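Beneath this line is the structure, given in structure tokens, with notes to follow.
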Amino acid sequence: MFNYLSELNEKQKEAVLHRDGPLIIIAGAGSGKTKVLTTRIAHLMKQGVDPFRILALTFTNKAAAEMKERIDKILGNNEARNLYIGTFHSVFARILRIEAEKLGYPSNFTIYDSDDSRSVIKSLVQNNNLDDKLYKPNLVQSRISAAKNSLITPYDYLNDKHIQMEDARANRPYLGQLYASYVEKCFRNGAMDFDDLLVKMYELLTRHPDVLSKYQHRFQYVLIDEYQDTNMAQYKIVKLLSAMHENICVVGDDAQSIYSFRGATIENILRFQDDYPDAQMVKLEQNYRCTQNIIGVANAVINNNKKQIPKDLWTGNDTGEKIKLVRTLTDNDEGRYIADAIQEQKLRNHYQNKDFAILYRTNAQSRSFEESLRRLNIPYRIFGGLSFYQRKEIRDYVAYLRFVVNPNDEEAFKRIINFPARGIGKTSLDKILTLANQSEHSLWTIVQNPAAAGIGGAARAAIEQFVVMMQYMQSMLASRNAYEIAFEIGKRSQLVAEFYNDKSVEGQARYENVQALLNSIKEYTETPNEDGELEANKSLGAYLQQITLLTDADNDNDGNQDVVKLMTIHAAKGLEFPCVFAVGLEENIFPSAMSVYDREGLEEERRLFYVVITRAKEKLWVSFAHNRYRFGNLVSNEPSRFIEEIPETYLDKSFAGVAGARGSLNNWSDTGSRQSFNRSTAGPGGRSGFSRSAGAPEEKKNTTFSRGVAPAAGSGYVHRPTATFRPASPESLAEGMKVEHQKFGFGTISRIDGGQSNRMATIHFDNVGEKKIMLQYAKLSIIQ
DNA sequence: ATTACTATTCTTTTT
DNA sequence: GAATAGTAAT
């Protein structure tokens, strides 16, 4: 073991050596936060503190895993596995699993992810005959989630005058009732959603003093990472857990608080010293990550925020290059420009692919970068988006597993009862669900007796068969591990056969995914318990409870591959890259259109900008496009107001991205119908600065354009359009014309009908037969 | 009852 | 333009 203390600066050492009592560490970006946290824990253990009595909570599994690994490295004895380190959600899930019965839950409770809970909400809205235009599932869900994160129970909600007035004014008076039925429904299903893992934990601690006392005594030291992102529920739980010893250490940076939409409140960090008047505060202000120019920009930008803890982030690193401002005409040009820039940097400065990250505000922005990177054969990987476990085939399989473990899980039941098809239709399903919801009996009781629900004939026989299968699977629970049960259920339910028999390309992909799932379960059961899990337990129930809490970002085994990384800024928090492209710096995107109405929202967007700037170690590009496709049509946005907040002295504006733009401008003018764009060609290069008015002035916003179809030497497309492919406007098409479709190939228009906005053509294609096509969206090129 | 087509909404950000 | 929900068609 090396002398870990000698690697620390004075402030870091102070934070590590502080032994007892509350401690708040304000850790600026790149100031060695994780190092301090891990060294502190290692030091405590070195001083003889029992690892079983140290609780450390993070927001991502990845952060937790990294901490464990680094502590192990310092100590070099494998003791770190005994630490209670994990995300809020996973640690609480583990405790709740042990204590579930005290709350009336089965210890094998199901964890609902957002899709599950949205589905529950949808059926509640339907069953109560509420208007789903008014009670949009997403809205209801976020409203319920917000209530839970503030520890407002359905009872509180219904009795709060202010909330009730608010809902009434929005013409949604039944939100409170919906909330109440949702909670009841989840309880009956034996399920907790993500928020429940916090809410129920709070309930557990407040309603059961003996349990509270047990964990209070147990956790002698409590450490919280990313404290600025905690919400009310997390705050209260942490406070309860640490109340006995008051050895609470929180680490955070108010400037990087970017999760208020999830209920996080920056107040938690701002008021820590009010809660603990004798708390010691340590500020880590030396940045080891970035160049001076990058820190300069970051500081200048964040200074526009009013609400913050004063601090002075500085670095002893080199000055570095200026920040490169890139403007392009369209989102496709932006993609092209950045792919070119990566190529150039690799050649000139010997960077590897993995040294680059493209960071955007919304997931939807990834498309143009994927296309341009693929065109240059630059390997990349997108982080975020839908994870492996969100694929349909995986959800279906997992639903079977869930139902075996918890046969009251209605969401799982609905997924599997007729998949693979076994002749149980909507009518039978409705009968079962109605009875289960109206009677006192559980879903599983009803299913076991289909006759009582008024189901006869073939459907009844099918259900009885289903029940026998499930009962058999349940009988395996006690004696078999997760993999054995999963394998057996796939076989008996015909699920695996269903996927195997689908010989289409997508079908084979689904089959492979299912095999991958089975492999991962096998791996889970065969891996010895090194993750600090207390019960040496490889049961199916234990497996299910952990996978719901996994996200795509945790799937890190190939994280060191040499690929360019694409992700949202949120997902990039805590990471660093030599070269960063902060893209889409446009009004309505970044800052997001929904956040510019109040100071709070705007300041959070600015913190997000601060986060993306400080991800860069050496080089930073900031880019924006004047025109961009959104919802399938072209809109123009002004450059983000944040660009103006970057001091001129740090900016290099010579990267106009004109080269990329010129090529596509030629393509546009070829079609002859795009004159309005030619006007804007005068913009780049011609004008001096980046005044707001520089954009293409008044092009029509709803015209249909072809989207980035590269006419020349395009490669890598599945159905490749010919070199002469030129999309025509809907009006110019007529019956009898020979046309080319981007996907379907050549054909003849046999009919056109519909009005201006919904013109539709019936086209007979040479290869794929007759299709009806909405002209507004189609890409059709006239041949004759 | 399953498939195929049409209409509608969607874009913040995630455990 | 994509994903989804709803509806028409075999």
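Computed from a predicted model, the values in this text were never measured in an experiment. Every chain is numbered from 1, with letters handed out A, B, ... down the list of sequences.
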Practice task
For I424(A) and for S595(A), find the nucleotide of DNA chain B with the closest heavy atom, then tell me which residue's nucleotide is more 5'.
Solution key: I424(A)
Handout entry: Interatomic distance where CG belongs to L359(A) and P belongs to dT14(B) [whole Å]
Key = 12 Å
Practice task
Using whole Å, report how far CD of Q545(A) lies from C1' of dT15(B).
Solution key: 15 Å
Completion exercise
Looking only at dT14(B), dG6(C), dT15(B), the nucleotide nearest the S114(A) side chain is dT15(B)
Completion exercise
Between N418(A) and D195(A), whichever has its closest DNA chain B nucleotide further toward 5' is N418(A)
Problem - Short side-chain N/O contact to dT11(B) OP1/OP2 from N363(A), under 4.0 Å - result: no
Handout entry: Nucleotide-level pairing of DNA chain B, given in dot-bracket where Watson-Crick and G-U pairs need both distances under 3.5 Å and | marks other strands
Key = ||||||||||.....
Problem - Length of the line joining K200(A):NZ and dT15(B):P, which is rounded to integer Å - result: 23 Å
Problem - Interatomic distance where CZ belongs to R118(A) and P belongs to dT4(C) [whole Å] - result: 10 Å
Exercise for the section: Select one nucleotide: of dT13(B), dT15(B), dG6(C), the one nearest the side-chain heavy atoms of F194(A). Expected result: dT15(B)
Problem - Side-chain donor/acceptor of S150(A) to backbone N/O of I152(A), under 3.5 Å - result: no
Completion exercise
Whole-Å distance, E600(A) CD to dT13(B) P, equals 21 Å
Practice task
Output the single nucleotide from dT15(B), dT14(B), dT12(B) whose closest atom is nearest the side chain of T568(A).
Solution key: dT14(B)
Exercise for the section: Mark yes or no: R94(A) above the aromatic ring of Y84(A), with NZ or CZ under 6.0 Å from the six-membered ring centre and no more than 45 degrees from the axis. Expected result: yes
Problem - Stepwise salt bridge (Lys or Arg N to Asp or Glu O under 4.0 Å) check, R402(A) with E411(A) - result: CA-CA 10 Å; R402(A) 269 164 52 174; E411(A) 291 307 307; over 6 Å; no
Handout entry: Value in whole Å for how far the P atom of dA3(C) lies from CG of D115(A)
Key = 14 Å
Problem - Interface with DNA chain B, restricted to residues 253-263 of chain A and to heavy atoms under 4.0 Å - result: Y259(A), F261(A), R262(A)
Exercise for the section: Report yes if some heavy atom in the side chain of N637(A) is under 4.5 Å from a heavy atom in the side chain of F624(A); otherwise report no. Expected result: no
Exercise for the section: Select base, sugar-phosphate, or nothing to describe what T548(A) touches, counting heavy atoms under 4.0 Å on all strands. Expected result: nothing
Practice task
Just say parallel, tilted or perpendicular for the rings of Y360(A) and F369(A), cut-offs at 30° and 60°.
Solution key: parallel
Handout entry: Rounded distance in Å - NZ (K392(A)) to P (dA3(C))
Key = 8 Å
Handout entry: Separation of atom NE2 in H570(A) from atom C1' in dT11(B), rounded to whole Å
Key = 14 Å
Exercise for the section: Kindly write out the residues that satisfy side-chain contact (heavy atoms from CB on, under 4.5 Å) with S372(A), not counting sequence neighbours, or none if the list is empty. Expected result: A339(A)
Problem - Phosphate OP1/OP2 of dA5(C) contacted by K122(A) side-chain N/O (<4.0 Å) - result: yes
Handout entry: Ring-face cation contact, F388(A) with R391(A), 6.0 Å cut, 45° max
Key = no
Problem - Residues which pass side-chain contact (heavy atoms from CB on, under 4.5 Å) with S260(A), listed by chain and number, not counting sequence neighbours - result: E604(A)
Exercise for the section: Select one nucleotide: of dT11(B), dT9(B), dA5(C), the one nearest the side-chain heavy atoms of K133(A). Expected result: dT9(B)
Exercise for the section: Quick one: label A593(A) by what it contacts on the DNA or RNA (base, sugar-phosphate, nothing), any heavy atom closer than 4.0 Å. Expected result: nothing
Handout entry: M594(A) side chain, from C-beta outward: closest of dG6(C), dT15(B), dT11(B)
Key = dT11(B)
Handout entry: Test ring-ring contact (aromatic ring centres under 6.0 Å, His included) applied to F581(A) - qualifying residues, sequence neighbours left out
Key = W621(A)
Exercise for the section: Would you please confirm or rule out a distance under 4.0 Å between OP1 or OP2 of dT11(B) and any side-chain N or O of N138(A)? Expected result: yes
Handout entry: Donor-acceptor pair, side chain of D132(A) and main chain of K136(A), under 3.5 angstrom
Key = no
Handout entry: Interatomic distance at C1', dA5(C) relative to dT12(B), whole Å
Key = 23 Å
Exercise for the section: List for me each residue that meets ring-ring contact (aromatic ring centres under 6.0 Å, His included) alongside F261(A), sequence neighbours excluded, and say none if there are none. Expected result: Y259(A), H570(A)
